[in-house]
Amino acid sequence: MEYRCVKCGFPIKTLFVQYSPGNIRLMKCENCRAVADEYIECEIMILLIDLILHKPQAYRHLLYNVLNSETVNLEGILWKSTVGFLLLDAYRSLLLSRSNEGQSSSMSFSLLAWIFQKMLKDVVLGNVMFLGVFLHASRILLNTSAGASRFKDFLLAVLISSYFKIFLVAMMVWNFPSSVIYIIDLFVLSSNTVALKVITESAMNRILGVCLVAHAVKFFVVQGLELRYLRY
């Protein structure tokens, strides 16, 4: 993906001109005449706050100007993001299983094997259905192409914008009710919506529809597996 102005999303050749180490001049957008990317000179904490606030400018900076094929290895980031996404999703499934089964100081090997099997099926089937429906709905509702490069852009946007899952790690230290997990899921949904809006520049109602359908399918698949396990 090429560099973009964080204000209007207009393509730009370069973000800044460096005269000497530590001496740069930020370039202006030819379309809106504003500074193309002001986050270059901002602290990382400001970017994180703007991402949490769902500001499209922060998402454009991250998805276009930071995760750019000219500056980083996108293949490596894609694989690492996928592994992190699946691990956090597995931990989410584990937390729900523990809340449903109740806290127990000692668990038998058969129970541990059952939980692991359930967690594996939840993560694999749930995310396969999620990505499949997400890409199919995007082609239908957003009229997007189905090329390999476009698929990678969509996948990377979904993985990166699911960063709210990292807050599940806090449940290793503090005890929270299981409802917090679903609140985090809602934040992931809203973050995916903003990221897809930045990538496609499509109408918000269509983008929200794509994300809602994909997350709903994943939710019902996981719940269906849960009901199936409760019968045995």
Side-chain angles (χ1 to χ4, degrees), residues 1 6 39 42-68 71-100 103 115-116 118-131 134 152-199 207-208 210-212 214-219 221-223:
M1 292 185 288
V6 299
Y39 287 102
C42 292
E43 297 290 337
I44 186 65
M45 188 58 64
I46 296 178
L47 175 62
L48 291 176
I49 292 173
D50 285 352
L51 286 172
I52 293 174
L53 294 175
H54 289 11
K55 290 188 176 181
Q57 296 91 333
Y59 281 82
R60 287 195 186 98
H61 168 77
L62 182 61
L63 296 175
Y64 284 108
N65 301 339
V66 174
L67 301 177
N68 191 282
T71 57
V72 297
N73 180 14
L74 290 182
E75 294 289 340
I77 291 179
L78 189 60
W79 279 109
K80 292 176 183 178
S81 301
T82 302
V83 171
F85 179 88
L86 293 177
L87 287 176
L88 289 172
D89 222 28
Y91 183 61
R92 174 191 179 278
S93 178
L94 178 62
L95 288 174
L96 288 176
S97 297
R98 290 175 59 187
S99 64
N100 292 333
Q103 299 291 337
I115 292 176
F116 178 77
K118 176 183 177 299
M119 181 177 63
L120 186 62
K121 288 186 177 181
D122 286 351
V123 172
V124 174
L125 293 179
N127 284 296
V128 166
M129 292 298 298
F130 170 72
L131 291 176
F134 188 89
K152 290 182 180 179
D153 293 343
F154 272 69
L155 180 58
L156 187 61
V158 170
L159 295 175
I160 295 299
S161 61
S162 299
Y163 60 87
F164 272 101
K165 288 179 180 288
I166 198 69
F167 289 104
L168 291 170
V169 178
M171 301 184 76
M172 293 181 179
V173 182
W174 297 286
N175 290 324
F176 292 100
S178 59
S179 58
V180 173
I181 299 176
Y182 298 107
I183 294 175
I184 292 176
D185 289 343
L186 290 176
F187 276 109
V188 171
L189 168 63
S190 61
S191 183
N192 290 160
T193 303
V194 177
L196 191 60
K197 170 67 176 176
V198 167
I199 290 293
I207 294 172
L208 186 59
V210 169
C211 293
L212 280 175
H215 281 272
V217 168
K218 179 180 178 180
F219 176 79
V221 167
V222 173
Q223 291 302 310

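Since the model is a prediction, treat every value here as computed from it, not as a measurement.
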Taking it one step at a time, do Leu96 and Tyr182 satisfy side chain to side chain contact (heavy atoms under 4.5 Å, CB included)? CA-CA 10 Å; Leu96 288 176; Tyr182 298 107; 3.7 Å; yes
Show, in sequence, the C-alpha distance, side-chain angles and deciding distance for Val66 and His61, and conclude whether the side chain to side chain contact (heavy atoms under 4.5 Å, CB included) test is met. CA-CA 6 Å; Val66 174; His61 168 77; 3.2 Å; yes
Under the side chain to side chain contact (heavy atoms under 4.5 Å, CB included) criterion, do Leu47 and Cys42 qualify, and how do the steps go? CA-CA 7 Å; Leu47 175 62; Cys42 292; over 6 Å; no
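Between Phe130 and Val221 there is no side-chain heavy-atom pair separated by less than 4.5 Å. Here the side chains of Phe134 and Val210 are in contact, with some heavy-atom distance below 4.5 Å. Side-chain contact between Leu63 and Asp153: absent, with no pair of heavy atoms (C-beta onward) separated by less than 4.5 Å. Between Leu67 and Leu74, the closest side-chain pair of non-hydrogen atoms falls below 4.5 Å.
Screening residues 183-198 for side-chain hydrogen bond (donor to acceptor under 3.5 Å, both in side chains), with sequence neighbours left out, gives His54-Ser190, Tyr59-Ser191, Arg92-Asp185, Ser161-Asn192, Ser162-Asn192, Asn192-His215.
Between the side chain of Tyr163 and the backbone N or O of Leu51 there is at least one donor-acceptor pair closer than 3.5 Å.
Heavy atoms only, all atoms of each residue included: Val188 and Phe164 are closest at CG2-CB, 3.8 Å. In terms of heavy-atom proximity, Pro56 sits nearest to Val198 at O-CG2, 3.9 Å. Nearest heavy atoms, Tyr91 versus Leu168: CE2-O, 3.2 Å.
In this structure, OG1 on Thr82 lies 4.5 Å from CG on Leu159, to the nearest 0.5 angstrom. A distance of 8.5 Å separates CG of Leu125 from CG of Leu120, quoted to the nearest 0.5 Å.
In this structure, a donor-acceptor pair under 3.5 Å is present between the side chains of Asp50 and Tyr39.
The side-chain hydrogen bond (donor to acceptor under 3.5 Å, both in side chains) check on Asp89 picks up Asn127, Lys165, Lys218, with sequence neighbours excluded. Not counting sequence neighbours, the partners of Glu75 by the salt bridge (Lys or Arg N to Asp or Glu O under 4.0 Å) test are Lys152.
More than 12 heavy atoms of other shown residues, nucleotides or ligands fall within 6.0 angstrom of atom CE in Met172.
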